[in-house]
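Take a look at the structure below.
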Amino acid sequence: MCNDGANAEETATQSLYGCWPDLFNWVWQAYALTDDSWNPAGISDACNVTLPFGKVVNSAYLINYCLTDNYNSQWHSTEDYQSSSRAADNRFHGPFYQRFIQYNGSSEADSETGRFAARDRTNLHCPLFNLGSPSDSAGNRASVMLHESWHHWQYKHNFQTGHIGGCSNGQCDYYYFHGVSAYEFGQFDRYDTNPGHLLFHSPYQVCAELEGDLAENAKPFVPAVVTQAARNIGNLRLANCFANAVGYRIGDPRPW
């Protein structure tokens with residue numbers, strides 16, 4: 001079993017919406033938390049933010065309700081993050097569902113794409129929920145959910161869905177630099193592989209960009225414990241999760 005419990009960031013996030021049954025039902029459907037693996041993980045006790053199901057609701061709330069959509073400084077729009085992270089068939093990916101996996105390794109999550117005669121899926125692991133784990137953060141979990149959805153994006157568009165090795169994180173991606181103005185809102189899924197005008201995202205890059213937006217473009221009611229955690233975790237990813245050096249850090253002036 002995971003090490004259940006709620007830290008200050010988790011309780012502060014839940015305090016923004018309280019015990020809201022319509023939200024729980026919507027997240028259950030929109031994020032396809034329909035597998036029976038969620039039965040022992042709090043699906044029948046959705047107000048309990050010490051359990052994995054309630055923690056996923058927290059993270060979905062941050063993605064869907066907490067960004068300002070400041071066009072001048074936000075990497076991507078709320079709708080972009082919403083549509084990619086949700087499980088339904090859409091412009092980003094085909095349909096998938098999400099499982100809760102009780103396991104004691106260090107991996108936060110993984111995605112299974114191209115399954116034969118079965119729906120693709122994402123597996124969320126105990127490190128995302130273990131009280132005291134560095135991964136047990138509502139903002140980090142939100143970015144991991146987006147990250148895993150991007151593996152489904154890669155599969156839909158016939159790109160390699162794995163990571164590469166050789167970095168301090170153990171597995172990593174390339175960072176494809178772009179300025180804030182490179183993507184209009186609603187165009188997060190746009191890409192161009194021509195080296196002369198390359199536009200692309202890797203899974204760890206979409207992680208870092210959501211974390212940057214939570215840190216710097218959150219609505220005023222979002223607690224500082226949430227925005228600070230997003231900044232800290234995002235900067236750790238920028239430092240450790242890319243095969244090429246990334247000069248930008250969350251808190252620096254955003255490149256245009």
Review point. In terms of hydrophobic clusters joined by side-chain contacts under 4.5 Å, are Ile43 and Trp20 together?
Key: yes
Check your understanding: Only one of Arg237, Glu9, His147 forms a side-chain hydrogen bond (donor to acceptor under 3.5 Å, both in side chains) with Asn140, so which one is it?
Key -> Arg237
Review point. Knowing that exactly one of Ser135, Cys126, Ser143 qualifies, which makes a side chain to side chain contact (heavy atoms under 4.5 Å, CB included) with Glu108?
Key: Ser135
Exercise for review: For this output row, return yes or no: ring centroids of His163 and Tyr204 closer than 6.0 angstrom.
Suggested key: yes
Practice item. Let me know which of Gln187, Arg91, Gln74 forms a side-chain hydrogen bond (donor to acceptor under 3.5 Å, both in side chains) with Asp80. Key: Arg91
Revision key, fill the gap. Which of Tyr191, Phe188, Tyr174 passes ring-ring contact (aromatic ring centres under 6.0 Å, His included) with His201? It is Phe188
Check your understanding: Pairs in or reaching into residues 212-224: which pass salt bridge (Lys or Arg N to Asp or Glu O under 4.0 Å), with residues at least two apart or in two chains?
Key -> Asp213-Arg254, Glu216-Arg254
**Study point:** Distance flag, aromatic centroids of Tyr17 and Trp26, threshold under 6.0 Å
**Key:** no
**Study point:** Linked, directly or transitively: Leu238 and Leu210 (ILVMFWY side chains, under 4.5 Å)
**Key:** yes
Practice item. Determine whether the aromatic ring centres of Trp153 and Phe96 lie less than 6.0 Å apart. Key: no
Point to revise | His76 ring center within less than 6.0 Å of Tyr183 ring center | key: yes
**Study point:** Nearest atoms (heavy-atom pairs only) where Val226 meets Thr13
**Key:** CG2-OG1, 3.4 Å
Review point. For Gln154, what residues pass the side chain to side chain contact (heavy atoms under 4.5 Å, CB included) criterion, not counting sequence neighbours?
Key: Trp150, His151, Phe159, Thr161, Pro203
Practice item. Taking all non-hydrogen atoms of both residues into account, name the closest pair between Tyr248 and Pro253 and its distance. Key: CE1-O, 3.9 Å
**Study point:** Pro127 backbone acceptor or donor facing Ser133 side chain under 3.5 Å
**Key:** yes
